[in-house]
Trainee: 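First the structure, then my questions, so here it is.
Remember, it's a predicted structure, so these values are computed and weren't measured experimentally.
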Amino acid sequence: MANQLPQISVLGAGIFVKTQYIPRLAEISHLFVLKSIWSRSEESAREAVEVAKEHFPGVECKWGDKGLDEIIQDESILGVAVVLAAQYQVDMSLKLLKAGKHVLQEKPAASSISEIETSLSSYKSICANSPGYPIWAVAENYRFEPALVESKKLLADIGKMMSVQLIIEASMNSANPYFSSSWRRNYTGGFILDMGVHFIAGLRMLVGCEVTSVSAMTSHVDTTLPPPDNISSVFHLENGCSGVFAMVVSSKSPKASGKLIILWRIVGINGTVEIGRGNQDGQHGYTISFYGAGGHCKSNFYPFSGVTAELKAFLHDISQANLKKGSSYEVEPRLSFIEGARDVAVLDAMLESGNKNGALVQVKKF
């Protein structure tokens, strides 16, 4: 049975792989075979493999150029999860796609509009020369979070949309394992872009239309963080509604208790839907509150499971692609590189506006 399951590899052996990817993959280990884990250094690769072996005893350790070449040339490996520093992910993804591998790349999709444009051109060329085009998925898992999926269904009950609010208070300080991450500190947009794509992904899915233009102000207050660390933006949607996006990278709010505060609030003529970060019975997730025209409120809590749902979708897609080689096949649109690119485009426009003291900036369309 095992040889009928899709085989995948993971490129990257950092904190996120060891604390998030491996445990989430372990939850669905009956759906695939984890063939190998790769890192640039032997030490990092062995550390990650040691963690993974509890759930995947047959996982192989690969490192350096030789190990990467072995993964690329291994025809039994259908898909590769690219979980590297953001500066290197796009080039690595394109290298794997060119070799015929399906790719699930960690967010963000790219670092800039120019990188998106170049990447899309390269990907189209690769697909044009492939009998069965390789899948390029981006892990923006908020499109898979049950709370956001269910909230979207409720929007039909609030009537015409009047206002949208998205508020984030993060706690990126020295206690956070990602605080000292060197690549985030040397990355255009810093933590705003790296973290913000999650929330923009959720926003775009919820409202069901694109952000067309933005006007933003940015600031750099906490000097232990790369600039900017605060952003406040007004945005305009295709449906005519406007909204506000405010993000603080490192808040000392007592309510946060060291955790993120995330709040989406969509106000309609007949009611309001609010999604807020919380926990219940020891589980972290989101609480949905629906406020009807009569003033009544209905609330439901949904635990986090977007990462697992996203991995399942990717495994399903690459299995279907393998069965239908040379034929067309359906892929999960929420995973697509283009969706991840559109998330980046919104934040890129906000950061550009901030650099121009709040000037109105049109969001690049893809």
Trainee: Near Lys152 NZ, under 6.0 Å, is it more than 12 heavy atoms from other residues, nucleotides or ligands?
Mentor: yes

Trainee: Please report the shortest heavy-atom distance between Lys364 and Ala345, naming the atom on each side.
Mentor: O-CB, 3.7 Å

Trainee: Give the intermediate values and the outcome of side chain to side chain contact (heavy atoms under 4.5 Å, CB included) for residues Asp229 and Val248.
Mentor: CA-CA 6 Å; Asp229 62 333; Val248 178; over 6 Å; no

Trainee: Transitively linked via ILVMFWY side-chain contacts under 4.5 Å: Tyr88 with Trp63?
Mentor: no

Trainee: Out of curiosity, Ser41 OG to Arg46 CZ, how far, rounded to the nearest 0.5 Å?
Mentor: 10.5 Å

Trainee: Hey, what do you get for CG (Leu351) to CD1 (Ile231), rounding to the nearest 0.5 Å?
Mentor: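 Answer for the CG-CD1 pair, Leu351 versus Ile231, is 5.0 Å.
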
Trainee: Could you tell me which non-hydrogen atom of Phe314 sits nearest to which non-hydrogen atom of Ala137, and how far apart they are?
Mentor: CD1-CB, 4.1 Å

Trainee: Taking side chain as C-beta onward, heavy atoms only, is Gln320 less than 4.5 Å from His316?
Mentor: yes

Trainee: Which heavy atom in Gly271 sits nearest to a heavy atom in Ile158, and how many Å separate them?
Mentor: O-CB, 3.3 Å

Trainee: Val82 and Ile15: same hydrophobic cluster, using ILVMFWY side-chain contacts below 4.5 Å?
Mentor: yes

Trainee: Around atom NE2 of His236, are there more than 12 heavy atoms from other residues, nucleotides or ligands closer than 6.0 Å?
Mentor: yes

Trainee: Quick check against the 3.5 Å criterion: does Gln283 have a side-chain atom that pairs as donor or acceptor with the backbone of Phe304?
Mentor: no

Trainee: Are Phe301 and Val307 linked, directly or through intermediate hydrophobic residues, by side-chain heavy-atom contacts shorter than 4.5 Å (ILVMFWY only)?
Mentor: no

Trainee: Mind checking whether Val80 and Ile72 have side chains closer than 4.5 Å, heavy atoms only?
Mentor: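 Heavy-atom side-chain distance check fails, nothing below 4.5 Å.
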
Trainee: Determine the sole option in Lys298, His296, Arg265 for which the side chain to side chain contact (heavy atoms under 4.5 Å, CB included) test with Tyr291 is passed.
Mentor: Arg265

Trainee: Within the 4.5 Å heavy-atom criterion, are Ile192 and Met247 side-chain neighbours or not?
Mentor: yes

Trainee: Can any side-chain N or O of Trp38 pair as donor or acceptor with the backbone N or O of Gly64 at less than 3.5 Å?
Mentor: yes

Trainee: Lys62 and Glu60: salt bridge (charged side-chain N to carboxylate O under 4.0 Å, His left out), yes or no, with the steps?
Mentor: CA-CA 6 Å; Lys62 303 286 183 179; Glu60 299 173 2; 3.7 Å; yes

Trainee: Examine distances only and state if a side-chain atom of Ser163 and a backbone atom of Val267 form a donor-acceptor pair shorter than 3.5 Å.
Mentor: no

Trainee: Got a donor-acceptor contact below 3.5 angstrom from the Glu145 side chain to the Gly306 backbone?
Mentor: yes

Trainee: Got a sec: does the CD1 of Ile269 have more than 12 other heavy atoms crowding it under 6.0 Å?
Mentor: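 Count not over threshold, so no.
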
Trainee: First locate atom NZ of Lys53, then atom CG of Leu34, and finally report the distance between them rounded to the nearest 0.5 Å.
Mentor: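 So the NZ of Lys53 and the CG of Leu34 are separated by 11.5 Å.
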
Trainee: Could you tell me whether the side chain of Ile167 reaches within less than 4.5 Å of the side chain of Ile262, counting heavy atoms only?
Mentor: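 No, side chains not in contact.
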
Trainee: Quick one: does Arg24's side chain have a donor or acceptor within less than 3.5 Å of a partner on Thr308's backbone?
Mentor: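 Side chain of Arg24 to backbone of Thr308: no pair is present.
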
Trainee: Check for me whether the distance between the ring centres of Phe199 and Tyr142 falls short of 6.0 Å.
Mentor: yes

Trainee: Run the salt-bridge test on Arg143 and Asp343 with the 4.0 Å N-O cut-off and return the result as yes or no.
Mentor: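 So Arg143 pairs with Asp343 through a salt bridge.
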
Trainee: Check for me whether the distance between the ring centres of Tyr123 and Tyr133 falls short of 6.0 Å.
Mentor: no

Trainee: Salt bridge or not for Lys365 and Glu210, using N-O below 4.0 Å?
Mentor: no

Trainee: Side chains of Ile77 and Ser36, heavy atoms from C-beta outward: is any pair under 4.5 Å?
Mentor: yes

Trainee: Between Asp194 and Pro108, is any pair of side-chain heavy atoms under 4.5 Å apart?
Mentor: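 They are in contact (side-chain heavy atoms under 4.5 Å apart), so the answer is yes.
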
Trainee: Do Glu115 and Ser119 have side-chain atoms, one donor and one acceptor, less than 3.5 Å apart?
Mentor: no

Trainee: If we ignore hydrogens and angles and just use 3.5 Å, is the side chain of Asn357 paired with the main-chain N or O of Met217 as donor and acceptor?
Mentor: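 Answer holds: no.
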
Trainee: With sequence neighbours left out, what residues match Phe56 under ring-ring contact (aromatic ring centres under 6.0 Å, His included)?
Mentor: Phe32

Trainee: Quick one, Phe290 with Glu274, criterion side chain to side chain contact (heavy atoms under 4.5 Å, CB included). Give me CA distance, side-chain angles, the key distance, then yes/no.
Mentor: CA-CA 7 Å; Phe290 175 77; Glu274 183 175 288; over 6 Å; no

Trainee: Please check if atom CD in Glu50 has more than 12 non-hydrogen atoms from other residues, nucleotides or ligands closer than 6.0 Å.
Mentor: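 Check fails, neighbour count at 12 or below.
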
Trainee: Among Arg204, Lys107, Arg334, exactly one meets salt bridge (Lys or Arg N to Asp or Glu O under 4.0 Å) together with Glu339. Which residue is that?
Mentor: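 Going through Arg204, Lys107, Arg334 one by one, the salt bridge (Lys or Arg N to Asp or Glu O under 4.0 Å) with Glu339 is satisfied by Arg204 alone.
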
Trainee: Counting distance only, does the side-chain N/O of Ser121 pair as donor-acceptor with the main-chain N or O of Glu117 below 3.5 Å?
Mentor: no

Trainee: Hydrogens and angles aside, do Ser299 and Thr287 bring a side-chain donor and acceptor to less than 3.5 Å of each other?
Mentor: no

Trainee: Of all heavy-atom pairs between Val103 and Ser93, which one has the smallest distance, and what is that distance?
Mentor: CG1-OG, 3.6 Å

Trainee: Give the intermediate values and the outcome of side chain to side chain contact (heavy atoms under 4.5 Å, CB included) for residues Leu104 and Glu106.
Mentor: CA-CA 7 Å; Leu104 175 63; Glu106 253 306 307; over 6 Å; no

Trainee: Can you tell me if Ser251 and Glu169 form a side-chain donor-acceptor pair at under 3.5 Å?
Mentor: yes

Trainee: I'd like to check Thr218 versus Asn230 (side-chain heavy atoms, cut-off strictly below 4.5 Å). Are they in contact?
Mentor: no

Trainee: Give, for atom OG of Ser76 and atom CD1 of Ile8, the distance between the pair rounded to the nearest 0.5 Å.
Mentor: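 It is 12.0 Å, given to the nearest 0.5 Å.
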
Trainee: Not counting sequence neighbours, list each pair that qualifies as a ring pair (Phe, Tyr, Trp, His ring centres under 6.0 Å) and has a residue in residues 333-366.
Mentor: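 Non-adjacent pairs meeting ring pair (Phe, Tyr, Trp, His ring centres under 6.0 Å): Trp136-Phe337.
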
Trainee: Might you point out which heavy atoms bring Ile275 and Val273 nearest each other, and give the distance in Å?
Mentor: CD1-CG1, 4.1 Å

Trainee: Could you tell me which residues satisfy ring-ring contact (aromatic ring centres under 6.0 Å, His included) with Tyr21, sequence neighbours excluded, listed by chain and number?
Mentor: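 Expected list: Phe16.
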
Trainee: For atom NZ of Lys98, decide whether the heavy atoms of other residues, nucleotides or ligands shown that lie under 6.0 angstrom number more than 12.
Mentor: no

Trainee: Establish whether Val234 and Leu237 are linked, either directly or via other cluster members, by ILVMFWY side-chain heavy-atom contacts under 4.5 Å.
Mentor: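 No, separate clusters.
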
Trainee: Spell out, as yes or no, whether a donor-acceptor pair under 3.5 Å connects the side chain of Ser353 to the backbone of Ala349.
Mentor: no

Trainee: Are Ile338 and Leu97 linked, directly or through other ILVMFWY residues, by side chains that come within less than 4.5 angstrom of each other?
Mentor: yes

Trainee: Dump the intermediate steps for side chain to side chain contact (heavy atoms under 4.5 Å, CB included) on Asn279 and Tyr286, then the final yes or no.
Mentor: CA-CA 7 Å; Asn279 64 75; Tyr286 287 101; over 6 Å; no

Trainee: Check Val164 against Cys241 and note the closest heavy-atom contact, atom names and distance.
Mentor: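 Shortest heavy-atom contact: CG2-SG, 4.1 Å.
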
Trainee: Let me confirm one number: the CD1-CG distance from Ile200 to Leu166, rounded to the nearest 0.5 Å.
Mentor: 6.0 Å

Trainee: Compare all side-chain heavy atoms of Leu78 with those of Gln7 and state whether any distance is below 4.5 angstrom.
Mentor: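 A side-chain contact under 4.5 Å is absent here.
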
Trainee: How long is the straight-line distance from OG of Ser39 back to CG of Leu68, given to the nearest 0.5 Å?
Mentor: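 Result: 11.0 Å between the selected atoms.
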
